Amino acid sequence: MPGSFRIEVLTPEGAVHEADAASAVFAAHDGLRGILPGHAAMVGALGAGPLRVRPAGGGEEARFTLRGGFYRVAPDRLVLLADGAARAT
């Protein structure tokens, strides 16, 4: 979908969340990172904290709590390799 990117949240136990997203905000090791479609490529370490994913096409925001790991951003994809992730309420 134009104006979106694919997000994958993976843990050692398996996939936690996969969707097309309009935006995502997550805890990196040095603060919060915001990602939009077309973001420049980068990699880094995840921190312990929130992940908020706004779905492409609207709908309810998905919320998770992350426990460290690594992330990779490409213009059309965000992959979070988390040590742990739990859906937040």
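Worth knowing before you read on, the calculation uses all heavy atoms, side chains too, and leaves out hydrogens, waters and symmetry mates. Positions are given from 1, in the same order as the sequence printed here. The structure presented is a predicted model; accordingly, all values stated were derived computationally and were not measured.
- Both Leu46 and Met42 belong to a single network of hydrophobic side chains, linked directly or stepwise wherever heavy atoms of I, L, V, M, F, W or Y lie under 4.5 Å apart.
- Summarising the geometry of Ile7 relative to Ala24, their closest heavy-atom pair is CD1-CB, 4.2 Å, with the distance given to 0.1 Å.
- Between Leu32 and Pro50 the shortest heavy-atom distance is CD2-CG, 4.1 Å.
- In this structure, OH on Tyr71 lies 13.0 Å from CG on Leu51, to the nearest 0.5 angstrom.
- Between Ala56 and Ser4, the closest heavy-atom pair is CB-CB, 3.6 Å.
- A salt bridge is absent between Arg6 and Glu8; no separation between the charged side-chain nitrogens and carboxylate oxygens falls under 4.0 Å.
- When side chains are defined from C-beta on, His39 does not count as touching Phe5, because their heavy atoms never get closer than 4.5 Å.
- Ala40 and Val73 get closest at one heavy-atom pair: O-CG1, 3.6 Å.
- Criterion: ILVMFWY side-chain heavy atoms under 4.5 Å apart, direct or through other members. Under it, Leu80 and Leu36 are not part of a common hydrophobic cluster.
- For the atom pair OG1 of Thr65 and CZ of Arg87, the computed distance is 11.0 Å after rounding to the nearest 0.5 Å.
- Considering all non-hydrogen atoms of both residues, Leu66 and Ala85 come closest at CD2-CB, 3.9 Å.
- Interatomic distance, CZ of Phe26 versus CG of Leu78, reported as 5.5 Å (0.5 Å rounding).
- Counting all heavy atoms, side chain and backbone alike, Pro12 lies closest to Asp83 at CD-O, 3.7 Å.
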